[in-house]
Asks: 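The structure's right below; bear with me while I get my questions together.
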Amino acid sequence: LELQYALKGLMLTNNRAMTAALRESGDDNLLAMFGEWHSLMQVIANQYSLPTDSRRPDLPTLVMEAEDIEKDLVMLSTEFGGLLSQTTAGDVAQSLSDGQAAVEFSYFPSWNEADGDYDFLYVAWVIRNGIKDPVFVELFFEEELEAILNAARSSSDIQTVQGLYRTITPGAPTAVVDGPGLYELVWQKLEPHLDGVSEVFIAPSGQLHRLSFAAIRDGDGAMLSDRY
């Protein structure tokens, strides 16, 4: 509970600082975009705190709207792009006890050498008590996550969930999807920095809001919720 209050306090401080910075820039359009994004994120966070069957049916649409605005803000505003980097992680680290870690995800435009074009690169910072600086981990490009999401998509919600979280091809319960799954893409690179951790606090960003981290399965088939 203390960690949740710390994270909320840091978020509030950053939102105030961001609003002040945009006001000083004199760009009313960016300020309006940030206000819309912030309002959407509050609604999304509140909805994800509810049981699945109690959530708004248009929640996926709200998430996509927030993602689009966030991307525009990252591209147009250096202040917004540096929002997370302005956060002092020490307050969060001090709220963590032994066996706990916080993982803060973010993304920003970066050159994708494989495609010869710009894409959004997803990264993470791992924060633990007793470690002076957060550990920076480079994860994946957005198109890699989109490929997994698209491969799992099916006309049946049940088959989509099976395809996404169990690496099962939609419509073929025993077939395995080729290529890396969610665990390999999103979580595996974080494992070396979570040794001795049994509880993880996650702050997703962008398309990661569409995932249930607890349902992601590792290479042995165990869900992350079984390990943390």
Side-chain angles (χ1 to χ4, degrees), residues 1-11 41 44-55 59-60 63 67 84 87-107 121-142 144-145 148-149 152 157-158 160-168 176-177 179-228:
L1 182 60
E2 290 180 355
L3 175 65
Q4 293 178 17
Y5 280 129
L7 288 173
K8 288 179 180 178
L10 288 172
M11 185 180 296
M41 293 304 295
I44 291 169
N46 289 334
Q47 288 296 305
Y48 275 122
S49 69
L50 300 174
T52 303
D53 56 1
S54 298
R55 297 173 185 171
L59 181 57
V63 171
E67 290 172 2
L84 290 179
T87 298
T88 300
D91 292 338
V92 177
Q94 290 178 6
S95 298
L96 295 168
S97 60
D98 293 339
Q100 293 181 327
V103 178
E104 176 80 40
F105 291 94
S106 184
Y107 67 97
L121 177 66
Y122 281 72
V123 300
W125 285 269
V126 179
I127 304 172
R128 298 182 63 176
N129 194 5
I131 298 179
K132 182 179 179 181
D133 298 312
V135 178
F136 175 80
V137 183
E138 186 174 308
L139 296 174
F140 57 88
F141 282 101
E142 188 171 78
E144 298 176 82
L145 178 58
I148 292 178
L149 295 174
D157 290 341
I158 293 178
T160 296
V161 170
Q162 289 178 337
L164 186 58
Y165 296 108
R166 302 172 69 180
T167 63
I168 302 298
V176 178
V177 174
L182 285 178
Y183 172 76
E184 289 79 10
L185 194 71
V186 175
W187 197 261
Q188 190 172 46
K189 292 181 181 178
L190 301 175
E191 291 280 5
H193 311 292
L194 297 174
D195 185 42
V197 171
S198 59
E199 187 174 14
V200 183
F201 299 88
I202 298 172
S205 183
Q207 295 221 41
L208 293 177
H209 283 287
R210 302 169 64 181
L211 303 181
S212 170
F213 282 83
I216 295 176
R217 294 179 182 270
D218 64 17
D220 296 324
M223 292 190 296
L224 294 185
S225 59
D226 294 329
R227 299 171 52 188
Y228 303 102

Asks: I need the Arg128 CZ to Asp98 CG distance, nearest 0.5 Å.
Replies: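 That separation rounds to 8.5 Å.
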Asks: With side chains defined as the heavy atoms from C-beta onward, is the minimum distance between Asp220 and Tyr183 less than 4.5 Å?
Replies: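 Side chain of Asp220 against side chain of Tyr183, heavy atoms only: no contact under 4.5 Å found.
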Asks: Calculate, to the nearest 0.5 Å, the distance between atoms CD1 and CD belonging to Ile216 and Glu184 respectively.
Replies: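 These two atoms lie 10.0 Å from each other.
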Asks: Side chains of Leu139 and Leu190: does their closest heavy-atom pair fall under 4.5 Å?
Replies: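 They are in contact (side-chain heavy atoms under 4.5 Å apart), so the answer is yes.
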Asks: Do Leu121 and Glu138 come close enough that some side-chain heavy atom pair is under 4.5 Å?
Replies: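 Contact flag for Leu121/Glu138 side chains = yes.
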Asks: Give, for atom CG of Leu145 and atom CG of Leu185, the distance between the pair rounded to the nearest 0.5 Å.
Replies: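 Going from the CG atom of Leu145 to the CG atom of Leu185 covers 6.0 Å.
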Asks: Glu104 and Ala203: which non-hydrogen atoms are nearest, and at how many Å?
Replies: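 Glu104 and Ala203 have their closest heavy atoms at OE1-CB, 3.5 Å.
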Asks: Which heavy atom of Gln207 sits nearest a heavy atom of Glu67, and at what distance?
Replies: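 Of all heavy-atom pairs spanning Gln207 and Glu67, the closest is CA-OE2, 3.1 Å.
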Asks: Using a 6.0 Å cut-off, check whether atom CG of Asp226 has over 12 heavy atoms from anything other than its own residue.
Replies: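 Atom CG in Asp226 is crowded, with more than 12 foreign heavy atoms closer than 6.0 Å.
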Asks: Can you measure from CG (Leu96) to CZ (Phe201) and round to the nearest 0.5 angstrom?
Replies: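 These two atoms lie 7.0 Å from each other.
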Asks: Is the number of heavy atoms from other residues, nucleotides or ligands under 6.0 Å of Glu191 CD greater than 12?
Replies: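 Enclosed: over 12 neighbouring heavy atoms sit under 6.0 Å from CD of Glu191.
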Asks: Apply ring pair (Phe, Tyr, Trp, His ring centres under 6.0 Å) to Phe140 and list each qualifying residue two or more places apart in sequence or on a separate chain.
Replies: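 Counting only residues at least two positions away or on another chain, Phe140 forms a ring pair (Phe, Tyr, Trp, His ring centres under 6.0 Å) with Tyr122.
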Asks: With Tyr228, which residues qualify under ring pair (Phe, Tyr, Trp, His ring centres under 6.0 Å), at least two apart?
Replies: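 Ring pair (Phe, Tyr, Trp, His ring centres under 6.0 Å) list for Tyr228, sorted by chain: Trp187.
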Asks: Just wondering, do Phe213 and Leu208 contact through their side chains at under 4.5 Å, heavy atoms?
Replies: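 In contact.
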Asks: Measuring from His193:NE2 to Trp125:CH2, what's the distance to the nearest 0.5 Å?
Replies: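 The distance works out to 13.5 Å.
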Asks: Report the distance from atom CD of Gln100 to atom OG of Ser95, rounding to the nearest 0.5 Å.
Replies: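 Interatomic distance, Gln100 CD to Ser95 OG, rounded to 0.5 Å: 9.5 Å.
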